[in-house]
There are 2 protein chains.
Amino acid sequence: MPRKPAAATAALDLPLDRIIEGDCIAAMAALPEASVDLIFADPPYNLQLKGELHRPDNSQVDAVDAAWDRFASFEAYDAFTRAWATEARRVLKPDGAIWVIGAYHNVFRVGATLQDLGFWILNDVVWRKSNPMPNFRGKRFTNAHETLIWAARSDAGRPVFNYDAAKALNEGLQMRSDWVIPLCTGAERLKGADGAKLHPTQKPEALLHRVLVTTTKPGDVVLDPFFGAGTTGAVAKRLRRRWIGIEREPAYVEAARRRIEGVRAVSEEAASATPSKRAEPRVAFGQLVERGLLRPGEVLRSACGRKQARVRADGTLVCADATGSIHQIGAHLQRAPSCNGWTYWHFERDGAVVPIDALRSAIRAEMQV
Amino acid sequence: MPRKPAAATAALDLPLDRIIEGDCIAAMAALPEASVDLIFADPPYNLQLKGELHRPDNSQVDAVDAAWDRFASFEAYDAFTRAWATEARRVLKPDGAIWVIGAYHNVFRVGATLQDLGFWILNDVVWRKSNPMPNFRGKRFTNAHETLIWAARSDAGRPVFNYDAAKALNEGLQMRSDWVIPLCTGAERLKGADGAKLHPTQKPEALLHRVLVTTTKPGDVVLDPFFGAGTTGAVAKRLRRRWIGIEREPAYVEAARRRIEGVRAVSEEAASATPSKRAEPRVAFGQLVERGLLRPGEVLRSACGRKQARVRADGTLVCADATGSIHQIGAHLQRAPSCNGWTYWHFERDGAVVPIDALRSAIRAEMQV
DNA sequence: GTGAGTTATGAATCTTGAA
DNA sequence: CTTCAAGATTCATAACTCA
């Protein structure tokens with residue numbers, strides 16, 4: 001891993017767990033390259049609203065009309081996107097990744113720009129709002145979702161994905177690309193002195209929770225170049241990730257700072273993701289033989305019992321016409337391109353047929369102690 | 001409606017309810033401009049698959065590897081998209097609309113191109129697959145959705161949207177932008193002579209059903225430039241829409257033709273949309289007075305009873321400080337920008353409080369006879 | 001305190017026809 | 001073209017009022 005030292009040095013210069021007040025492009029340009037693990041970006045959507053909208057009860061909809069959401073043209077918006085995404089890519093570590101959230105107004109342009117810059121899209125994830133605002137005039141479908149793009153810095157990168165944690169969050173089923181999460185309302189929604197919402201587009205913490213639990217590790221550096229009300233920082237602190245926020249509006253900076261001060265981090269144990277199987281210590285099949293858990297010469301069988309091979313002292317298997325690893329021989333006998341030998345092969349003890357993976361688990365349990 | 005005659009003339013030249021075998025760009029170029037009501041496009045996704053993928057049981061995933069899905073670069077894909085979408089826009093009527101379906105590999109580029117060409121996005125709709133293929137490698141979230149873009153030919157267009165039909169399809173609630181529909185499997189999936197699926201990306205009829213019921217009227221012309229297995233034609237025929245398919249592969253053309261021959265159209269009544277309130281004949285408030293359903297001088301009240309006004313012989317209302325239509329006086333008394341007087345005002349008969357809209361309904365019922 | 005009823009509100013590209 | 005006016009249109013949730 002030739003990158004470790006560089007990253008470690010860079011980390012010294014990082015303004016961790018702080019909000020940088022200023023323009024995100026300039027602020028990112030001042031950060032060292034290859035220093036950040038994950039970026040979460042919630043850029044302006046460029047909504048292009050015309051006129052006012054009233055509900056059927058004649059109350060007025062409080063729309064997004066901030067200056068920061070207005071762009072002169074698609075070209076201007078694209079140029080802005082290219083500029084910030086280029087800097088974002090520069091500060092990402094090689095195995096880093098980015099999340100960008102958007103709606104149909106902007107997300108297609110953002111996605112295409114990310115691809116053009118060399119980002120490699122891993123998933124688009126749909127945030128399905130359980131309580132969206134209806135379409136009051138009945139002219140379209142209720143706009144009930146927003147889209148997140150999850151992309152690696154490049155197609156060569158290997159970004160963090162806590163598969164088992166994601167599965168656990170989804171009650172034991174693989175997590176899908178559509179997430180049902182309510183809007184940010186009630187006590188979670190930051191209010192100004194006048195009691196009105198402080199920020200027009202504050203994101204729910206549940207969304208960031210899912211992003212950070214599934215695609216970062218504790219201690220990872222998470223950068224949010226459009227920090228706004230600071231949801232990314234609040235959730236990162238709670239989950240024991242390091243964070244950097246960039247925000248232009250002093251009012252948002254101040255509110256986010258106070259908000260994050262009030263957040264307490266969970267315990268280290270709670271912050272650690274469900275351990276991934278891949279991250280568990282490797283065990284060589286030969287260790288089972290070395291430790292006497294399997295005898296050289298012992299016969300292993302497939303689950304159905306139709307295929308068999310014999311264990312050799314060096315931890316290889318031998319069958320009628322080949323010799324090799326548990327994986328190779330399993331694949332060979334099935335005429336399959338590959339095979340997980342740990343789950344394919346079984347042995348017999350006291351009349352019961354047991355997968356050899358049970359022995360690997362036993363060794364790992366010992367290693368934990 | 002100055003466009004009617006032109007469209008009617010053009011329709012004479014249209015190859016309706018037929019499949020054109022050939023390249024979609026050339027074929028669309030041969031169609032008259034402003035002649036089509038709706039386009040449904042399922043272009044190649046440019047999947048960029050590398051190598052083979054196997055399930056945990058070692059069976060091979062039958063991936064999309066057709067030549068028509070391969071492009072040399074994003075630039076080549078964009079040029080292709082621009083070419084077909086430009087022709088598509090030309091053949092659309094001014095109030096026409098387009099649906100395009102895609103996945104994260106291509107949909108961002110397609111959406112941005114549509115916007116660049118002047119299409120006006122109305123919604124992005126998420127097709128949530130109830131039975132997606134899992135992610136076998138456990139490296140990403142299960143890719144459980146595809147995205148459809150619904151766009152008007154321009155921001156000045158007024159595309160068909162059968163709001164009430166959509167609401168009815170969704171059990172009386174506004175239809176949202178996320179649709180749960182299963183993959184096309186089982187008997188619906190066309191099979192080749194070898195029993196294998198005929199087309200790698202055949203779309204479910206339920207998807208087209210929803211698209212056509214909500215955004216076309218019976219008799220509308222629906223064009224599908226990437227006809228494939230002909231789902232658009234099959235559903236259009238069933239729902240009594242006219243259709244045009246364009247497809248390059250002779251095998252698909254032949255299969256789609258046979259498939260559509262076997263489809264029977266539903267009855268005219270079944271094909272008609274839930275009637276919209278906007279489409280009902282206009283009734284002037286004055287007619288209620290003329291017919292003696294309300295007496296000049298009679299008092300009307302708001303539902304809560306707090307506001308009131310008096311009916312005049314000419315069909316206007318008068319309150320303490322203003323005179324005007326039922327809508328104007330309702331808005332005035334509420335200090336609201338507008339008001340639907342038909343539902344706001346109530347009168348009393350035999351002790352019951354009745355909205356004046358009940359009288360309008362009675363008149364409309366008479367007009368039917 | 002409790003429950004029923006009322007009001008407020010959320011990233012919104014949100015009308016149509018006649019004159 | 002523009003202007004004017006008719007009139008069609010909302011779901012989930014939280015907070016508040018009041019009996």
Side-chain angles (χ1 to χ4, degrees), chain A residues 42-66 68-71 74 77 101-107 127 129-147 180 182-189 191 195-197 199-204 226 228, chain B residues 1 95 115 119-124 150-152 154-156 158-159 161 163-164 167 170-177 276-280 282-286 304 315 324-328 330-331 336-345 356-357 360:
Chain A
D42 182 9
Y45 285 13
N46 187 22
L47 287 185
Q48 309 174 60
L49 304 178
K50 305 166 184 166
E52 299 176 343
L53 179 66
H54 293 86
R55 298 186 177 79
D57 67 2
N58 272 318
S59 63
Q60 190 178 334
V61 173
D62 183 16
V64 176
D65 60 353
W68 50 253
D69 197 53
R70 287 194 290 268
F71 291 81
F74 282 137
Y77 187 79
I101 183 166
Y104 65 85
H105 316 78
N106 71 322
V107 77
W127 167 26
K129 304 176 183 181
S130 56
N131 50 348
M133 179 151 55
N135 185 288
F136 296 117
R137 305 312 278 273
K139 306 309 290 182
R140 304 182 176 190
F141 301 101
T142 303
N143 196 1
H145 74 277
E146 294 185 25
T147 302
V180 181
L183 294 171
C184 178
T185 60
E188 188 185 321
R189 189 83 194 228
K191 302 294 197 301
K197 60 188 175 192
H199 191 285
T201 71
Q202 184 181 338
K203 295 294 175 289
F226 306 95
Chain B
M1 303 244 266
D95 287 337
Q115 289 181 313
F119 285 99
W120 186 246
I121 299 181
L122 299 164
N123 276 116
D124 58 335
W150 176 40
S154 80
D155 62 351
R158 284 183 281 185
F161 181 53
Y163 176 73
D164 297 279
K167 199 169 171 180
N170 195 35
E171 298 181 326
L173 291 180
Q174 263 195 2
M175 190 175 281
R176 300 168 38 118
S177 57
S276 156
K277 238 184 168 179
R278 292 181 216 271
E280 290 186 274
R282 286 206 167 200
V283 174
F285 176 70
C304 59
S325 72
I326 52 172
H327 312 296
Q328 288 168 333
S338 71
C339 168
N340 182 344
W342 290 107
T343 53
Y344 183 71
W345 292 110
I356 59 173
D357 207 18
R360 181 171 64 161

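To find a chain, count down the sequence lines: A is the first, B the second, and so on, and within it residues start at 1.
Side-chain atoms of A:K139 lie closest to C:dC14 of the nucleotides C:dA11, C:dC14, C:dA12.
Take B:S177 and apply the side chain to side chain donor-acceptor pair (under 3.5 Å) test, not counting sequence neighbours, and it matches A:H145. Shown here are the side chain to side chain donor-acceptor pair (under 3.5 Å) partners of A:H199, two or more places apart in sequence or in another chain: A:T201. Every residue meeting the salt bridge (Lys or Arg N to Asp or Glu O under 4.0 Å) condition with A:D42, not counting sequence neighbours, appears here in chain and number order: A:K203. Applying the salt bridge (Lys or Arg N to Asp or Glu O under 4.0 Å) criterion to A:E188, with sequence neighbours excluded, gives no partner residue. Every salt bridge (Lys or Arg N to Asp or Glu O under 4.0 Å) that B:D357 has, sequence neighbours left out, goes to B:K277, B:R360. For B:R176, the salt bridge (Lys or Arg N to Asp or Glu O under 4.0 Å) criterion is met by B:D178, not counting sequence neighbours.
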query = Would B:Q115 and A:F74 count as a side chain to side chain contact (heavy atoms under 4.5 Å, CB included) if you check the C-alpha gap in whole Å, the side-chain angles of each, and the deciding distance to 0.1 Å?
reply = CA-CA 9 Å; B:Q115 289 181 313; A:F74 282 137; 3.8 Å; yes
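Without hydrogens or angle criteria, A:N131 side chain to A:L183 main chain gives a donor-acceptor distance under 3.5 Å.
Rounded to the nearest Å, the gap between the C1' atom of C:dT7 and that of D:dT10 is 14 Å. Comparing C:dT9 with D:dA8, their P atoms are spaced 27 Å from each other, to the whole Å. Going from the P atom of C:dC14 to that of D:dA5 covers 23 Å, rounded to whole Å. D:dA6 and C:dA11 are spaced 35 Å apart, taking the P atom of each and rounding to whole Å.
Following rounding to the nearest Å, B:E280 (CD) and C:dG17 (P) show an atom-to-atom distance of 15 Å. Look at CG on A:D62: it is 6 Å from P on C:dG10, rounded to the nearest Å. Protein atom NE2 of A:H199 is 13 Å distant from nucleotide atom P of C:dG10, rounded to whole Å. In this entry the distance linking CH2 of A:W127 with C1' of C:dG10 reads 10 Å, nearest Å. Rounded to whole Å, atom P of C:dA11 lies 7 Å from atom CD of A:E146. Rounded to whole angstrom, the span from the OH atom of A:Y45 across to the C1' atom of C:dG10 amounts to 13 Å. Between A:K129 atom NZ and C:dT9 atom P there is a gap of 18 Å when expressed in whole angstrom units. Atom NZ in A:K197 sits roughly 9 Å away from atom P in C:dT9 (whole-Å rounding).
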task = Using Watson-Crick or G-U wobble pairs with both distances under 3.5 Å, give me DNA chain C in dot-bracket, 5' to 3', with [ ] for crossers and | for pairs to another strand.
result = .|||||||||....|||||
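Across all strands shown, A:P204 has no heavy atoms under 4.0 Å from either base or sugar-phosphate atoms. Base contact: A:D42 has a heavy atom under 4.0 Å from a base atom. As judged by a 4.0 angstrom heavy-atom cut-off over every strand, A:D69 is placed among the base-contacting residues. Residue contacts shown for A:A63 include a base, since a base heavy atom lies under 4.0 Å away. No contact: A:E188 has no heavy atom under 4.0 Å from any strand.
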request  = Summarise protein proximity over nucleotides 6-15 of chain D in one line of letters, 5' to 3': B for base, S for sugar-phosphate only, - for none, counting protein heavy atoms closer than 4.0 Å.
outcome  = SBBBBBSSSS
Would you give me the side-chain donor-acceptor pairs under 3.5 Å for residues 45-55 of chain A, sequence neighbours excluded?
residue : atom : partner : partner atom : Å
A:Y45   : OH   : A:E146  : OE1          : 2.5
A:R55   : NH1  : A:S59   : OG           : 3.2
A:R55   : NH1  : A:Q60   : O            : 3.3

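A salt bridge does not link A:D65 with A:R70: every distance from a Lys NZ or Arg NE/NH1/NH2 to an Asp or Glu carboxylate oxygen is 4.0 Å or more.
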